[in-house]
Amino acid sequence: MTLPEILTKAASFVAIIAFGYVLRQSGFFKEKDFYFLTKIVLKITLPAAIVYNFSSMEIDVSMLAICLFGLGGGLLYIAVAWLVNARKSAKRKAFDVVNLPGYNIGNFTMPFIQGFLGPTGFAATSLFDTGNAFVCLGGSYSLAGFLLGEGEKRSVKDLIKPLIRSVPFDAYIIMTILTLAHIRLPQIAVSFAETIAGANAFMALLMVGVGFQLKVNRENLAAIFRILGLRYAMAIIFSVLWYRFAPFSLEVRQALAILAFAPIATAAPAFTGNLNLDTGLSSVINSISVILSVVLITITLALIL
């Protein structure tokens, strides 16, 4: 793929995000509509994309190791959040533990993978997100609650429950098992999933635009620079190492290089609110990470494709 083609396609993705933001600012979409769009993406279009793409691929057992990249990357971010705040308050440490780790794969990075890489890249992304889910859908939240003195309210059940209730996570697990067992779905089911999956990229990026927030207070600048500086400095290191040294095929390594720059997980602001921390700051950090990720993913695509 040539550089103009990469830039054109990336620009179209950015245009959809901008379109969603303009529609929200003009009043076409309300705040509640963001959560409605999220439900459509997470419970309908993304699972359909997972079903369709897995139905047209073969995966080797060795590829299951990709799950460890998603899990390990998240755990390293948690460790860094813990270390840099070792002498800070429990609230600041808990805030960073929730808002530094976790990757926004299904709602943001997956459309890039769908647009630029083939089924193998999609499979790698799905396996990566399976490992990532343990961190961004419960792990970091449970640890932050423990840091705030609420550890007795968290249990293994509390950690596992969000995973089981996550339709994309269930789809990843089921389709991975079926693919490894060489069990194929009926063609009518695959065709049905294909039709719905075609809407996933547009719906996911539109949703990101509708939920975009950028109201920055001066007193929050230090926290914004701290978290995003750590996040993307580590992301650059991960991207280079995974692309150069991961023991997989080129297309898998290309996917990993892109995934390293995925934005912060969309669940972070919600978990931040549940812990009675600064939800507004979390939302701003989340939105700025989308901008940075668009730029860095586009640069990465231009370098590796």
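Side-chain atoms of Gln254 never come within 3.5 Å of backbone atoms of Leu117 as a donor-acceptor pair (strictly under, hydrogens ignored). A donor-acceptor pair under 3.5 Å is absent between the side-chain atoms of Ser140 and the main chain of Cys136, judged by distance alone.
In this structure, the separation between CG on Leu37 and CE on Met203 is 5.0 Å, given to the nearest 0.5 Å. Here the CG-CZ distance, from Leu205 to Phe108, works out to 7.0 Å after rounding to the nearest 0.5 Å. Separation of atoms CD1 (Ile183) and CG (Leu180) is listed at 10.0 Å; rounding is to 0.5 Å. In this structure, Thr279 OG1 and Gln213 CD are separated by 10.0 Å, a value rounded to the nearest 0.5 Å. In this structure, Ile40 CD1 and Ile196 CD1 are separated by 11.5 Å, a value rounded to the nearest 0.5 Å. In this structure, OG on Ser287 lies 10.5 Å from CD1 on Ile17, to the nearest 0.5 angstrom.
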Determine all donor-acceptor pairs shorter than 3.5 Å in which one atom belongs to a side chain in residues 227-234; sequence neighbours excluded.
unit_1	atom_1	unit_2	atom_2	d
Arg231	NH1	Leu100	O	2.7
Arg231	NH1	Gly102	O	2.8
Arg231	NH2	Gly102	O	2.9
Arg231	NH2	Ala262	O	3.0
Arg231	NH2	Pro263	O	3.3
Tyr232	OH	Ser289	O	2.8
Tyr232	OH	Ser293	OG	2.8

Cut-off 3.5 Å, no hydrogens considered: what does the side-chain donor-acceptor table look like for residues 88-95, sequence neighbours left out?
unit_1	atom_1	unit_2	atom_2	d
Ser89	OG	Arg92	N	3.2
Arg92	NE	Asn85	OD1	2.6

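For the pair Leu147 and Trp82, the minimum side-chain heavy-atom distance is below 4.5 Å. Residues Phe202 and Ile16 form a side-chain contact, since some pair of their non-hydrogen atoms from C-beta on lies under 4.5 Å apart. Taking 4.5 Å as the limit, some side-chain heavy atom of Leu301 sits within range of a side-chain heavy atom of Phe112. In this structure, Leu143 and Ile78 have side chains that are in contact, with non-hydrogen atoms separated by less than 4.5 Å. With a 4.5 Å cut-off on side-chain heavy atoms, Thr125 and Leu256 do not count as touching. Under the 4.5 Å side-chain criterion, counting only non-hydrogen atoms from C-beta, Ser55 is in contact with Met175. Between Asn104 and Ile264, every side-chain heavy-atom pair lies at or beyond the 4.5 Å cut-off. Considering only heavy atoms from C-beta on, Gln114 comes within 4.5 Å of Met110 through its side chain.
Grouping the Ile, Leu, Val, Met, Phe, Trp and Tyr side chains by contacts below 4.5 angstrom, directly or via other members, places Ile66 with Ile174. Linking ILVMFWY residues whenever their side-chain heavy atoms come closer than 4.5 Å, directly or via other members, places Phe54 and Val61 in the same cluster. Cluster annotation: Ile291 is connected to Leu221 through the hydrophobic network of ILVMFWY side chains, with a link wherever side-chain heavy atoms come within less than 4.5 Å. Connection of Leu148 to Leu281 is established within a shared hydrophobic cluster, with ILVMFWY side chains joined at heavy-atom distances below 4.5 Å, either directly or through further cluster members. Tracing side-chain contacts under 4.5 Å through hydrophobic residues (I, L, V, M, F, W, Y), one never reaches Val22 starting from Val210; they form parts of separate clusters.
Ala257 approaches Ser239 most closely through the heavy-atom pair O-OG, 2.9 Å. Among all heavy-atom pairs drawn from Ala49 and Ala197, the shortest one is CA-CB, 3.4 Å. Taking each heavy atom of Glu251 and Pro119 in turn, the nearest pair found is OE2-N, 4.1 Å. Residues Val41 and Thr45 share a closest heavy-atom pair of CA-OG1, 3.3 Å.
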Original post:
Would Arg226 and Asp96 satisfy salt bridge (Lys or Arg N to Asp or Glu O under 4.0 Å), going step by step from the backbone distance to the final call?
Top reply: CA-CA 9 Å; Arg226 179 182 75 249; Asp96 283 20; 2.8 Å; yes

Original post:
Run the side-chain contact (heavy atoms from CB on, under 4.5 Å) check on Leu305 and Ile6 step by step: do they pass?
Top reply: CA-CA 9 Å; Leu305 293 183; Ile6 292 172; 4.1 Å; yes

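Between Phe29 and Phe34, the ring center distance fails the sub-6.0 Å criterion.
Annotation: salt bridge (charged side-chain N to carboxylate O under 4.0 Å, His left out) contacts involving residues 182-206, sequence neighbours excluded, comprise Glu58-Arg184. Within the structure, every pair that satisfies the ring-ring contact (aromatic ring centres under 6.0 Å, His included) test and touches residues 236-263, not counting sequence neighbours, is listed here: Phe69-Trp242, Phe69-Phe248, Tyr77-Phe238, Phe128-Trp242, Phe238-Trp242.
Judged purely by distance below 3.5 Å, without hydrogens or angles, the side chains of Tyr172 and Asp129 pair a donor atom with an acceptor atom. A donor and an acceptor atom, one from each side chain of Thr272 and Asp278, are nowhere located under 3.5 Å apart. In summary, the side chains of Asn99 and Ser282 do present a donor paired with an acceptor at a separation below 3.5 Å, with no hydrogens or angles considered.
Listed by chain and residue number, Leu23, Leu206 satisfy the side-chain contact (heavy atoms from CB on, under 4.5 Å) test with Phe19 (two or more places apart in sequence, or in another chain). Residues passing the side-chain contact (heavy atoms from CB on, under 4.5 Å) test with Ile173, sequence neighbours excluded: Thr130, Phe169, Ile177.
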